[in-house]
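Below you'll find the structure, written out as C-alpha cells, and then a few comments.
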Amino acid sequence: MHMYRIGEAAALLGVSADTLRRWVDSGRLAAERDEQGRRMVPGPALAAFAREVARGAERENPGSSARNRFAGIVTEVILGDVSAQVEIQAGPFRVVSMISRESAEELKLEPGVPAVAVIKSTNVVVERP
C-alpha cells in the first residue's frame, strides 16, 4: 500500500500542509505514524477522501487555460477484457482515461497510487467567464 507524507498528500489535493494536518487532527482524514513518528496518509484513504472532496466542491471556471499535465492520485480503475478506465483526481480536477488493460497492469495502477495524466489534443477550448 502506498503511503503519503503530509506534504505530498496536501500537494495532491491542492491544499497547504497545515490544512491537511487540521483534517487529520479533526479525524476527517485518516493517518498513521511511521517508524520515525511522522504522520503518513494511506493511499486508499487519500483516494477516497479526494473523491469525497471533489464531489462536494463547487465547479469553478478559473478563467485561464489549463496545462496539459495533471499530477494526481488514482481514485478508480475499472479493468475490462481489453481496456481499462482510469480515474485520476488532480487537485480539483477529475481526469478519466481509457487505456489498454495491459498498460494499466504494467503501470500497476490502483486506487491510491500517484499518477500523471498527460493530455495531447489538437482541439483545446479556452474560455473566459
Side-chain angles (χ1 to χ4, degrees):
M1 171 173 47
H2 196 87
M3 300 292 283
Y4 292 90
R5 294 188 318 261
I6 293 292
E8 292 174 317
L12 289 171
L13 295 176
V15 300
S16 71
D18 287 340
T19 295
L20 197 108
R21 282 187 199 95
R22 283 193 296 275
W23 289 341
V24 168
D25 291 342
S26 70
R28 189 171 174 202
L29 176 62
E32 304 169 6
R33 298 256 180 203
D34 67 6
E35 300 81 20
Q36 290 79 33
R38 294 176 299 207
R39 288 188 283 189
M40 304 291 287
V41 180
L46 185 59
F49 185 76
R51 287 178 66 101
E52 174 188 322
V53 168
R55 286 187 179 127
E58 289 184 20
R59 301 288 179 211
E60 291 184 24
N61 183 344
S64 67
S65 180
R67 302 291 187 248
N68 290 335
R69 295 179 61 88
F70 298 94
I73 184 172
V74 174
T75 56
E76 186 173 23
V77 178
I78 301 171
L79 296 175
D81 291 338
V82 177
S83 64
Q85 178 179 315
V86 180
E87 181 178 310
I88 298 171
Q89 192 67 39
F93 305 105
R94 176 178 170 257
V95 180
V96 179
S97 178
M98 293 298 292
I99 64 174
S100 70
R101 179 185 179 120
E102 180 181 358
S103 292
E105 290 172 341
E106 187 175 292
L107 292 169
K108 297 180 173 75
L109 297 178
E110 61 182 30
V113 300
V116 177
V118 180
I119 300 165
K120 179 175 172 56
S121 175
T122 57
N123 297 310
V124 178
V125 176
V126 178
E127 297 179 337
R128 293 191 56 173

Derivation and outcome, side-chain contact (heavy atoms from CB on, under 4.5 Å), residues E87 and R51:
CA-CA 10 Å; E87 181 178 310; R51 287 178 66 101; 2.8 Å; yes
Decide yes or no on side chain to side chain donor-acceptor pair (under 3.5 Å) for T75 and Q89, but give the supporting numbers first.
CA-CA 6 Å; T75 56; Q89 192 67 39; 5.2 Å; no
Would R38 and R33 satisfy side-chain contact (heavy atoms from CB on, under 4.5 Å), going step by step from the backbone distance to the final call?
CA-CA 5 Å; R38 294 176 299 207; R33 298 256 180 203; over 6 Å; no
Walk me through whether F70 and V116 qualify under side-chain contact (heavy atoms from CB on, under 4.5 Å).
CA-CA 5 Å; F70 298 94; V116 177; 5.9 Å; no
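Minimum heavy-atom separation, P42 to E32: CG-OE2, 3.7 Å. For the residue pair V113 and Y4, the shortest heavy atom distance occurs at C-OH, 3.3 Å. Residues A47 and G112 approach most closely at CB-N, 3.8 Å, considering heavy atoms. Of all heavy-atom pairs between A17 and I6, the closest is O-CG2, 3.8 Å. Closest of all the heavy-atom pairs between E76 and I78 is OE2-CD1, 3.8 Å. When all heavy atoms of V24 and R39 are compared, the pair lying nearest together is CG1-NH1, 3.9 Å.
How far CG of L12 is from CD1 of I88: 11.0 Å, rounded to the nearest 0.5 Å. Distance CG/L29 to CZ/R22: 13.5 Å, rounded to 0.5 Å. Taking CD of E110 as the reference point, atom CE of M1 lies at 10.0 Å (rounded to 0.5 Å).
Residues V96 and Q85 form a side-chain contact, since some pair of their non-hydrogen atoms from C-beta on lies under 4.5 Å apart. Looking at heavy atoms from C-beta onward, F49 lies in side-chain contact with L13 at the 4.5 angstrom threshold.
Using a 4.5 Å cut-off between side-chain heavy atoms of Ile, Leu, Val, Met, Phe, Trp and Tyr, with links allowed through other members, M40 and L46 fall into different hydrophobic clusters. Hydrophobic clustering of Ile, Leu, Val, Met, Phe, Trp and Tyr side chains at less than 4.5 Å, counting indirect connections, keeps F93 apart from M98.
Side-chain atoms of S83 never come within 3.5 Å of backbone atoms of G80 as a donor-acceptor pair (strictly under, hydrogens ignored). Within the 3.5 Å criterion, the main-chain N or O of V15 finds no donor-acceptor partner in the side chain of T19. Under a 3.5 Å cut-off, the side chain of E105 and the backbone N or O of E102 do not form any donor-acceptor pair.
Ion pair D18/R21 flagged as a salt bridge, since at least one NZ, NE, NH1 or NH2 atom sits closer than 4.0 Å to an Asp/Glu carboxylate oxygen.
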